[in-house]
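First the structure, in the form of structure tokens, and then the observations on it.
Since the model is a prediction, treat every value here as computed from it, not as a measurement. Residue numbers count from 1 along this sequence.
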Amino acid sequence: MSSRRLQLVWSIKQAPEAVLRIAFASTDRTRVNQHFGAAEGFAIYEVTPDKATLVGVGEFSEEAMDGNEDKLIAKVDFLAGCAAVYVMAIGASAIKKLMAAGIQPIRVGEVDAIDELLLELSGAMREGGVAWVDRAIAAQTKAAATDRFAAMEDEGWQG
């Protein structure tokens, strides 16, 4: 009879780093300068407590601001998997669609540099205390734990 053993992953190697996907409504990929509904571009970064890496860019054609709810669907779909999106302004219907998709909309008061926002996000991931960042990391940790146990069940592990 073969033997099996279980060793907790965190006991043999460092726990995986939290990674959040964050989007920025931007025309130039250097600053947040777009209204969500009229955004012609988004830059998506993967942010860890130590660094940020550009992982995607989306460009959209210019559209009318009011009365065109269809424009939101493609943008929300593009942002799937993001924890948050930074925008200059956003309407109520866009907020509802983003929140339903699990994406936190964040409005900036002025044109903010993406590099500075990324540094703030990394700091918030290290130090905690920013509610939406803490929730996003907790949700990610919970999902990872669920996936680990599902994998063990698929292997036929019998405690």
Side-chain angles (χ1 to χ4, degrees), residues 2-26 29 31-32 34-37 39 41-58 60 69 71-109 112-159:
S2 67
S3 66
R4 296 184 84 174
R5 70 178 189 179
L6 170 68
Q7 189 163 5
L8 298 175
V9 173
W10 59 264
S11 69
I12 57 174
K13 63 181 180 180
Q14 185 177 4
E17 219 174 13
V19 176
L20 296 180
R21 288 176 66 93
I22 308 296
F24 300 90
S26 176
R29 298 182 197 107
R31 56 202 168 102
V32 177
Q34 293 275 279
H35 181 288
F36 182 81
F42 292 96
I44 298 178
Y45 286 80
E46 285 188 349
V47 183
T48 69
D50 301 318
K51 67 178 182 175
T53 306
L54 180 67
V55 296
V57 174
F60 297 87
E69 296 302 310
K71 69 179 180 260
L72 300 177
I73 296 168
K75 291 173 183 173
V76 173
D77 288 347
F78 175 74
L79 300 176
C82 289
V85 60
Y86 282 76
V87 299
M88 282 286 294
I90 188 167
S93 60
I95 291 171
K96 288 179 188 176
K97 289 183 186 324
L98 288 167
M99 296 298 286
I103 303 167
Q104 176 70 50
I106 300 173
R107 189 177 157 280
V108 295
D112 284 343
I114 291 173
D115 288 345
E116 292 174 16
L117 294 169
L118 291 168
L119 287 173
E120 289 175 15
L121 281 166
S122 288
M125 291 177 75
R126 277 191 309 275
E127 298 162 14
V130 177
W132 75 264
V133 172
D134 294 343
R135 280 193 308 271
I137 291 172
Q140 187 179 73
T141 303
K142 182 178 178 182
T146 302
D147 291 344
R148 189 172 34 227
F149 291 119
M152 288 171 68
E153 183 178 16
D154 290 344
E155 291 176 1
W157 185 74
Q158 299 291 325

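Between Lys75 and Ala39, the shortest heavy-atom distance links the atoms NZ-O, 3.1 Å. The shortest heavy-atom contact between Leu20 and Ala83 is CD2-CB, 4.3 Å. The heavy-atom pair separating Pro49 from Ser122 by the smallest distance is O-CB, 3.6 Å. Nearest heavy atoms, Met99 versus Pro105: SD-CD, 3.4 Å.
Applying the salt bridge (charged side-chain N to carboxylate O under 4.0 Å, His left out) rule to pairs touching residues 42-53 yields Arg21-Glu46, sequence neighbours excluded.
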Only distances under 3.5 Å count here; give the side-chain donor-acceptor pairs of residues 128-139 to other protein atoms, sequence neighbours excluded, each with its distance to 0.1 Å.
| residue | atom | partner | partner atom | Å |
| --- | --- | --- | --- | --- |
| Asp134 | OD2 | Gly129 | N | 3.1 |

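The distance from the CG atom of Asp115 to the CZ atom of Phe24 is 9.0 Å, given to the nearest 0.5 Å. Rounding to the nearest 0.5 Å places CD1 of Ile95 at 13.0 Å from CD1 of Ile103.
The side-chain heavy atoms of Leu98 and Ile90, taken from C-beta on, include a pair separated by under 4.5 Å. Using a 4.5 Å cut-off on side-chain heavy atoms (C-beta onward), Phe36 and Leu79 make contact. Side-chain contact between Thr48 and Thr53: absent, with no pair of heavy atoms (C-beta onward) separated by less than 4.5 Å.
In this structure, Glu120 has no side-chain hydrogen bond (donor to acceptor under 3.5 Å, both in side chains) partners at least two apart in sequence or on a different chain.
With hydrogens and angles disregarded, no donor-acceptor distance shorter than 3.5 Å links the side chain of Lys97 to the backbone of Ile73. With hydrogens and angles disregarded, a donor-acceptor distance shorter than 3.5 Å links the side chain of Ser26 to the backbone of Arg31.
A side chain to side chain contact (heavy atoms under 4.5 Å, CB included) with Tyr86 holds for exactly one of Asp112, Ile114, Val108; it is Val108.
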